[in-house]
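Working notes, structure below.
Chain letters run A, B, ... following the sequence lines, proteins first and then strands; every chain starts at 1. Only heavy atoms go into these numbers, but all of them, side chains included; no hydrogens, no water, no symmetry mates.
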There are 2 protein chains.
Amino acid sequence: MLHDIVRDFGHLTLGTRLRRVGEMLQANTQQIMQAHGVDLPAAHYPFLAALDRNGALSVGELADVIGITQPGATRTIGQLAEAGFVEIAASETDQRRKQVTLTESGEKLVAFAKENIWPGVEAAVRDMCTGLEGSFLDQLAAIEDGLKKHPLIERYNSKNEPPSDRKQT
Amino acid sequence: MLHDIVRDFGHLTLGTRLRRVGEMLQANTQQIMQAHGVDLPAAHYPFLAALDRNGALSVGELADVIGITQPGATRTIGQLAEAGFVEIAASETDQRRKQVTLTESGEKLVAFAKENIWPGVEAAVRDMCTGLEGSFLDQLAAIEDGLKKHPLIERYNSKNEPPSDRKQT
DNA sequence: ACACATTACATAACAGGTTATATATCGCGT
DNA sequence: ACGCGATATATAACCTGTTATGTAATGTGT
């Protein structure tokens with residue numbers, strides 16, 4: 001069998017590797033959400049969480065809080081608005097700013113996720129991270145292996161009731 | 001000041017966070033290469049390294065070795081071929097397979113990087129990872145902070161001669 | 001008060017990954 | 001030898017981030 005060259009290269013290819021694991025985790029998280037009937041790209045959740053925590057925020061503030069660049073925030077906010085989860089309004093005091101707020105639908109979504117899904121996801125990821133030892137590279141390798149062996153949704157399901165679809169109110 | 005919500009959320013947003021750090025590292029690495037006159041997207045280097053190590057490989061083998069999906073490999077290989085660093089030839093025994101090999105230009109590039117750049121990059125990343133302690137999340141936070149404070153190229157330059165442009169042979 | 005830099009957001013093009021699916025060749029069973 | 005599943009690659013569409021740059025509104029110095 002061929003080697004995993006990215007892993008072999010150690011620190012040299014750490015960037016590629018972190019990115020790869022991150023993408024895998026995002027996909028896993030999205031899968032869990034979907035199993036609950038919530039169908040939204042994984043990267044949208046930090047926006048909803050930030051608005052839930054902080055109330056109305058401008059585009060730039062959201063980018064800051066979430067740690068991405070402003071154009072990325074602009075796009076995601078646009079998609080969330082199109083999906084009806086947030087509202088975008090021009091600030092009254094400064095016509096350049098856009099105030100972003102959760103709609104009622106968005107608030108309901110966050111409430112549901114906060115109550116029923118996110119704690120389980122957090123627990124599943126924490127489960128995967130417990131017992132890790134050694135250097136950062138060692139721990140990362142353990143996570144890669146652990147995630148391949150037991151995907152997040154498996155860890156999630158083993159700790160939770162089988163999900164009940166939120167759409168069937 | 002507003003919080004970094006992705007970090008606050010702990011394990012819940014680990015995916016987004018890993019991805020973010022990975023992208024930063026890739027960008028840093030690319031920057032160092034560029035300072036040496038080598039202008040190639042960061043994700044292309046694992047391909048060159050794999051071909052250098054293993055000799056000719058098929059598209060699927062490259063995807064395996066590097067740990068990405070086959071369509072991703074197909075695209076990157078196409079770009080490398082266009083840049084003249086690899087050659088794509090149909091296998092003689094199996095018309096479905098494409099054998100990918102380094103061109104002379106590709107071999108020179110790898111030789112130069114292996115000799116003059118990659119060791120320094122590896123050392124810079126290792127430098128950033130030394131002395132890390134605590135949980136995976138703690139170490140990740142330390143890396144985020146360390147990278148923001150001292151980008152890779154700074155660590156690299158402090159340990160190496162100022163780069164000499166390889167093009168001016 | 002007006003010129004001009006600064007700020008906030010939008011837009012465009014790209015990087016680097018993904019899934020889903022099409023296409024062509026191979027190889028195997030009957 | 002022929003049909004058909006399996007395999008190798010390609011293509012298309014998408015996600016999520018990035019730079020670089022444009023545009024409109026704001027504020028500031030003279």
Is there a side-chain contact between [X] and [Y], using heavy atoms and a 4.5 Å cut-off?
X	Y	result
B/F85	B/K108	no
A/S58	A/K98	no
B/L40	B/M33	no

Original post:
Got more than 12 heavy atoms from elsewhere within 6.0 Å of CD, A/E87?
Top reply: no
Could you state the [atom1]-[atom2] distance from [X] to [N], rounded to the nearest angstrom?
X	N	atom1	atom2	result
B/I66	C/dG17	CD1	P	9 Å
B/Y45	C/dG17	OH	P	14 Å
A/Q31	D/dC15	CD	P	17 Å
B/D64	D/dA8	CG	C1'	12 Å
B/D94	D/dT9	CG	P	8 Å
B/D39	C/dA15	CG	C1'	13 Å
B/I77	D/dA10	CD1	C1'	12 Å
A/E92	C/dA8	CD	P	18 Å

Is it true that a side-chain atom of A/T103 and a backbone atom of A/G84 form a donor plus acceptor pair closer than 3.5 Å?
yes
Report task. Kindly indicate whether the side chain of B/R96 and the base of D/dT9 share any N or O donor-acceptor pair separated by less than 3.5 Å? Result -> no
Protein-proximity profile, nucleotides 16-23 of chain D, B/S/- by nucleotide at the 4.0 Å heavy-atom cutoff, equals BBBBB---
Result for 5'-nearest mapping on DNA chain D, choosing between A/Q95 and B/T74, is B/T74
Open item on the list: Using salt bridge (charged side-chain N to carboxylate O under 4.0 Å, His left out), reason through A/R19 and A/E23 one step at a time and then give a plain yes or no.
Closed with: CA-CA 6 Å; A/R19 190 173 178 160; A/E23 270 153 7; 3.6 Å; yes
